[in-house]
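Keep in mind the model is a prediction, meaning the values are calculated, not measured. Start at 1 and go down the list; that is how both ligands and their atoms are numbered.
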Amino acid sequence: MPLVSMRQLLDEAAKGGYGVGAFNVNDMEQIQAIMAAAKETKSPVIVQASRGARAFAEDLYLFKLIQAAAELNPEIPIAMHQDHGNSFETCKSAIELGYTSVMMDGSLKADGKTPASFEENVEVTRRAVDFAHERGVTVEGEIGVLGGIEDGHGAGGSGLEHVTDPDQAVEFAELTGVDALAIAIGTSHGAYKFTKKPDGSVLKMDILLAIHKRLPNTHLVMHGSSSVPKDLQDVVNKYGGKLKETWGVPVEEIQLGIRNGVRKINVDTDNRLAMTGAIRKVLWETPEKFDPRDYMKPAREAMQKVVAQRMTQFGQAGHAGDYKALPIAEIAKGYANGSLITKPLVAAK
Ligand code: 13P
C-alpha cells in the first residue's frame, strides 16, 4: 500500500472509535519493530520522525526505509509524519520528501525552545496548512506548550506551565484549519514526567474533556504519552542503568482520552527504554559478545512487544484491513473542493 494520508487514517479511527499510536523512529530496527507489531496485531500505524531523527539517519536513508516498510507490508496503512516541525521550511522539506503528514509546532518559535505568541502560532500554522493541503498532506498543530525537551526541541520545565486554554483551542482550530490538534494537558516528553502516579492535579484530563466538548469532531493528539512502565525501568536498572524513579501517563488515562476525541497518541520513550534494557541485558550477561546483531535483535523484539501492546490498548489492532489508501492527489482534491472539511464543528460552551 502506498503511504496513507494521516487525515484519512485519523478519520477512519474516529469512525471506529479508536486511537492510533504514533511511534518515533531513527533507524531500521525501530521501523522493523513497528511493522512487525503492526503485522502481528493487524494495525494501521503512524510512523514519525523528529528533526533530530532526520538529522541522525539522514533524510534519504530514513524515507527509503519507510518506503521499504510500505512495500513489504502492503496490507498495513502507514502514515509518515514529521514530528514537531519547528518552522515552515522543516514542514516543506518533509512534504517534498514524501511525508504524508507534518506537525507544524508553532507553539514554540523556530528555535524550538521559546514559547511563541498565539498570533505567531496561528500565522505559521496557517501557512503550513495552505502549503500542505494543496499537496494532500495532513497538518497537526499545537496549542499550549508541552513540558520537557525531546531531541533538543521543547520549552523544558513542567508540563503544567503552558496548559491549553480551551477557548484558545477553539479559536486556533478555526483560524488554522488543522487536521489534528495537539494539546498541552500536563504531559512532557521524556522519561521524567511525574514524580508519583499522576492524578488530576498534574494530568489535566479535565482540560482535554473540555476541549473535546467544544470541538467534538476535531482529532486530538496526546504528546508525551509514554507510560514509562516500572518493568521497563527495572530491566534498565538491573543491568547497570541509573534511572531515577518516575511515572508516565497511565494507559487507562489515554483510553479515557480516546473515548473523548484523542485519535493520535505519541510514544517514543517507552520504546527507547525497551530497546536500551534489552541491549544492556545482553552486554551485561555476555560481555564477550561484540556482534551488533546479538543485541539489536533482542532490542528490536523488545520494542515490537511494547508497540504491539500499545496497539492493542489504543484499539487500532484489527483495523488494518478496514480501508484502502486514497491517493494523496485525491486527498488534495478533497481539501480543494471542501469535501474534506477543515472548519471545525464548534459546540456551545
Ligand atoms: P514520550 O517521550 O512520552 O514517548 O513522548 C513522545 C512524543 O510526544 C513525541 O512527540
Side-chain angles (χ1 to χ4, degrees), residues 6 19-26 30 33-34 45-54 56 79-86 90-91 94 99 101-108 112-113 138-159 162 164 180-195 198 202-203 208 219-230 232-233 236 243-244 246-251 253-254 257 262-277 302-303 306-307 309-311 313-314:
M6 189 171 85
V20 183
F23 303 102
N24 287 77
V25 295
N26 303 276
Q30 292 177 318
I34 294 168
V45 68
I46 302 165
V47 177
Q48 59 184 9
S50 65
R51 272 189 301 145
R54 287 176 58 186
F56 171 78
M80 183 61 202
H81 176 76
Q82 163 78 57
D83 191 22
H84 290 287
N86 63 314
T90 300
C91 294
Y99 283 44
S101 178
V102 293
M103 176 184 194
M104 178 59 244
D105 181 1
S107 72
L108 299 175
K113 292 183 174 54
T138 311
V139 179
E140 172 186 339
E142 175 166 323
I143 183 75
V145 183
L146 268 267
I149 297 177
E150 184 195 34
D151 282 355
H153 183 100
S158 133
H162 305 278
T164 306
L181 185 62
I183 54 173
I185 53 168
T187 67
S188 47
H189 292 124
Y192 300 104
K193 302 181 196 300
F194 304 112
T195 52
V202 287
L203 180 57
L208 187 147
H219 303 312
L220 301 179
V221 183
M222 277 176 76
H223 278 249
S225 289
S226 277
S227 301
V228 199
K230 181 144 185 347
L232 293 183
Q233 297 179 43
V236 172
L243 294 172
K244 288 176 280 177
T246 179
W247 274 262
V249 182
V251 167
E253 300 290 356
I254 297 172
V262 171
R263 297 291 157 235
K264 174 173 181 275
I265 306 105
N266 284 16
V267 175
D268 186 4
T269 296
D270 284 353
N271 293 325
R272 293 180 177 196
L273 289 171
M275 290 188 92
T276 297
M303 175 162 163
V306 173
V307 173
Q309 196 182 28
R310 295 289 174 273
M311 287 171 160
Q313 291 163 330
F314 298 163

Go through ligand 1 atom by atom and flag the ones less than 4.0 Å from a non-hydrogen atom of [X].
X      : result
His84  : 10 (O)
His189 : 2 (O), 5 (O), 6 (C), 7 (C), 8 (O), 9 (C), 10 (O)
Gly224 : 1 (P), 3 (O), 5 (O), 7 (C), 8 (O)
Asp83  : 9 (C), 10 (O)

Can you sort out the partners of Tyr99 under ring pair (Phe, Tyr, Trp, His ring centres under 6.0 Å), two or more places apart, ordered by chain and number?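 Partners of Tyr99 under the ring pair (Phe, Tyr, Trp, His ring centres under 6.0 Å) test: Phe63.
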
Is a side-chain N or O of Ser227 found less than 3.5 angstrom from the main chain of Val249, in a donor-acceptor match?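 Present.
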
Between the side chain of Ser107 and the main-chain N/O of Glu142, is any donor-acceptor distance below 3.5 Å?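 Not a single qualifying donor-acceptor pair exists.
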
Look at ligand 1 and say whether Lys193 reaches it with a heavy atom at a distance under 4.0 Å.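 Within the 4.0 Å threshold, so yes.
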
With sequence neighbours excluded, what pairs up with Ser225 under the side chain to side chain contact (heavy atoms under 4.5 Å, CB included) test?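 Testing Ser225 for side chain to side chain contact (heavy atoms under 4.5 Å, CB included), a comparison that skips the adjacent residues, returns Met222, Ile254, Ile265.
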
Heavy-atom closest contact (Ala182 atom, Glu140 atom, distance):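 Ala182 and Glu140 have their closest heavy atoms at CB-OE2, 3.5 Å.
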
Measure across Gln82 and Ala94 and return the closest heavy-atom pair with its distance rounded to 0.1 Å.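 Gln82 and Ala94 have their closest heavy atoms at OE1-CB, 3.7 Å.
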
Polar contact flag for [X] and ligand 1 (N/O pairs, less than 3.5 Å):
X      : answer
Asp268 : yes
Asn266 : yes
Val267 : no
Thr269 : yes

Classify the contact between Ser50 and ligand 1 as side chain, backbone, both or neither, using a heavy-atom distance cut-off of under 4.0 Å.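 It is neither; nothing of Ser50 touches ligand 1.
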
At under 4.0 Å between heavy atoms, is it the side chain or the backbone of Val228 that contacts ligand 1, or both, or neither?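 Neither part.
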
Just wondering, do Leu203 and Glu253 contact through their side chains at under 4.5 Å, heavy atoms?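 In short, these two side chains touch, coming nearer than 4.5 Å.
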
